[in-house]
There are 2 protein chains.
Amino acid sequence: MKIDPNSNADLSAQIAKSIRDAIISGDLIVDQRLPSEAELSDQFDVSRPTVREALKRLAAQSLIRTQRGATGGAFVNKLSFEEAYPQQITTSTLLLSMNAVSFETACEARYTLERSCAPLSALRRTADHLATMRAEIHRQSQPGLTDEAFCASDVAFHRALVDGAGNPVLSYQLAGAVEAMQPLMNMITFSARDRAKIIELHTALADALEANNAIGVDTALAGLESYTTNLAKSVMEKRKNKA
Amino acid sequence: MKIDPNSNADLSAQIAKSIRDAIISGDLIVDQRLPSEAELSDQFDVSRPTVREALKRLAAQSLIRTQRGATGGAFVNKLSFEEAYPQQITTSTLLLSMNAVSFETACEARYTLERSCAPLSALRRTADHLATMRAEIHRQSQPGLTDEAFCASDVAFHRALVDGAGNPVLSYQLAGAVEAMQPLMNMITFSARDRAKIIELHTALADALEANNAIGVDTALAGLESYTTNLAKSVMEKRKNKA
DNA sequence: GCCATTTAAATGCCAGACAATTAAATAACT
DNA sequence: AGTTATTTAATTGTCTGGCATTTAAATGGC
């Protein structure tokens with residue numbers, strides 16, 4: 001393997017790209033062992049620290065894992081949905097916070113995606129999903145719950161709804177949309193009245209899901225979206241007037 | 001700052017996590033300069049190569065960028081949607097190829113998400129989006145087009161549809177779902193008859209979008225999904241009988 | 001005041017070494 | 001022979017020290 005010395009990219013970035021491409025194309029398959037760092041240094045004609053920087057880049061993307069010891073080395077990692085979740089959530093969160101995405105835009109995206117899962121979830125949700133949602137509703141009605149805990153419970157509730165669709169690809173894609181909204185929602189202070197209204201809608205949602213009523217689920221979600229949006233709007237308004 | 005020597009994680013991983021957390025929490029803000037590698041070595045009490053490995057991990061996630069020279073250093077990067085796209089697509093693609101996700105499951109997720117964008121796109125699509133879609137339809141009807149090129153055009157067509165919703169968060173989330181399907185679709189051989197049918201559905205879709213007819217768009221998408229799924233099923237069947 | 005040069009600070013890269021870990025090979029012992 | 005203890009070898013993890021390269025600012029000459 002060779003590296004272009006005229007490229008303006010770091011050597012470690014070029015090497016990482018070379019190996020990453022090999023993984024994507026299938027040249028390197030899951031659990032296959034990469035050459036040792038010393039061998040890679042020879043092959044790419046760079047020093048070991050440079051190879052290591054390249055490997056750390058790949059490790060940061062969960063594309064490889066490393067083991068120490070005699071039979072150790074770097075191995076192509078089987079990227080699992082579980083591993084990809086946090087990455088997806090971190091990225092989505094930072095995208096929202098760094099790009100001045102309005103609450104409305106984020107909210108619209110989140111509920112648009114979530115509503116698309118509703119029919120499938122109404123069809124396929126298991127008793128487990130329903131139980132999780134009922135439990136979260138119960139938690140949400142506890143007095144003395146902090147806004148953060150309320151929002152976290154809200155996220156758990158909605159993730160159960162999404163998971164009810166029984167499609168891991170959907171769950172993965174939705175994780176970013178649903179979880180990344182939490183920091184934004186945390187900025188809203190929920191009064192007792194707000195919570196009661198949200199719990200009411202959550203209950204309607206769970207009821208509809210229990211009855212396999214897709215339209216009812218969609219209606220409840222639409223209600224939640226408009227209520228959340230309006231709530232956020234009024235909170236922002238109040239803050240603006242105060243300042 | 002301190003690092004736990006009892007943790008079984010690499011020092012570079014711990015340092016990367018520490019800095020990453022500072023970025024997520026807002027302790028480090030966009031375009032802020034991190035301490036130099038030498039200063040970080042002192043602060044974390046590790047050597048410079050270890051610090052560098054940590055920084056490369058963060059760079060691989062586009063959380064920082066580095067500049068050489070007198071006023072250079074590592075800066076917190078403003079994560080843009082454009083930067084996040086390829087990451088998202090790579091991850092989604094690998095998730096599908098490494099986890100034996102069935103074509104049906106992937107297809108269901110993709111069309112479920114895409115159909116959720118349809119009403120918004122019917123409402124907001126610009127002339128530009130329509131023009132892109134018409135151009136791709138034209139390209140798809142060219143004889144002699146390879147299956148790969150046909151699929152790539154298909155992806156471009158659908159991305160224009162999604163972008164028509166005018167919500168960058170939606171576009172980002174959908175990018176993974178739509179683009180990651182391409183390698184799977186490339187495995188299907190599209191006969192002339194298949195292509196004609198798909199182009200017919202694409203045209204119906206564009207027509208409905210032009211008329212701001214949300215229901216028509218949804219119908220066309222539903223038709224596409226079932227046609228694609230059946231096509232894939234018959235191709236797989238044929239291959240199985242052959243072998 | 002403007003341009004060329006020097007300087008200093010920073011990242012990029014390398015060579016070599018040692019520590020820590022791990023599995024396999026070997027030796028010792030029963 | 002079988003089992004246990006020891007040694008060995010391979011590999012990653014980390015450190016030290018250094019040099020090359022890049023870049024902006026400081027300096028100096030005109």
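Residue numbers start from 1 in every chain, and the chains themselves are labelled A, B, ... in the order their sequence lines are given, proteins ahead of strands.
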Please tabulate, one pair per line, all N/O donor-acceptor pairs under 3.5 Å involving side-chain atoms of residues 70-77 of chain A, not counting sequence neighbours.
{"from": "A:Asn77", "atom 1": "OD1", "to": "A:Arg65", "atom 2": "NH1", "distance (Å)": "3.4"}
{"from": "A:Asn77", "atom 1": "ND2", "to": "A:Ser62", "atom 2": "O", "distance (Å)": "3.2"}
{"from": "A:Asn77", "atom 1": "ND2", "to": "A:Glu83", "atom 2": "OE1", "distance (Å)": "3.2"}
{"from": "A:Asn77", "atom 1": "ND2", "to": "A:Glu83", "atom 2": "OE2", "distance (Å)": "3.0"}

Q. What nucleotide, of D:dT11, C:dC13, D:dA10, holds the atom closest to the side chain of A:Arg33?
A.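 Taking heavy atoms from C-beta onward, the closest nucleotide is D:dT11.
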
Return the value, rounded to whole Å, for the distance between atom [atom1] of [X] and atom [atom2] of [N].
{"X": "B:Glu37", "N": "D:dA20", "atom1": "CD", "atom2": "P", "answer": "18 Å"}
{"X": "A:Leu34", "N": "D:dT11", "atom1": "CG", "atom2": "P", "answer": "13 Å"}
{"X": "B:Arg48", "N": "D:dG18", "atom1": "CZ", "atom2": "C1'", "answer": "10 Å"}

Does the distance from a Lys or Arg side-chain N to an Asp or Glu carboxylate O, for [X] and [Y], drop under 4.0 Å?
{"X": "B:Asp10", "Y": "A:Lys56", "result": "yes"}
{"X": "A:Arg124", "Y": "B:Glu108", "result": "yes"}
{"X": "A:Lys233", "Y": "A:Glu237", "result": "no"}

Q) Start at the 5' end of DNA chain D and walk down; is the nucleotide closest to A:Ala74 or to A:Pro49 reached first? A)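 Comparing both residues, the 5'-ward one is A:Ala74.
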
Q: Using the closest heavy atom to pick a nucleotide of DNA chain D for each, name whichever of A:Ala70 or A:Lys56 lands nearer the 5' end.
A: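 Going by which nucleotide is closer to the 5' end, it is A:Ala70.
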
Q.
Near DNA chain C, counting only heavy atoms under 4.0 Å, which residues of residues 61-69 of chain B show up?
A.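 Contacting residues: B:Thr66, B:Gln67, B:Arg68, B:Gly69.
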
Q | Donor-acceptor contact present, side-chain B:Gln182 to main-chain B:Glu179, <3.5 Å | A |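 Not confirmed, B:Gln182 side chain does not pair with B:Glu179 backbone.
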
Q: Applying side-chain contact (heavy atoms from CB on, under 4.5 Å), run through A:Thr132 and A:His129 and close with a yes or a no.
A: CA-CA 5 Å; A:Thr132 301; A:His129 297 126; 5.8 Å; no

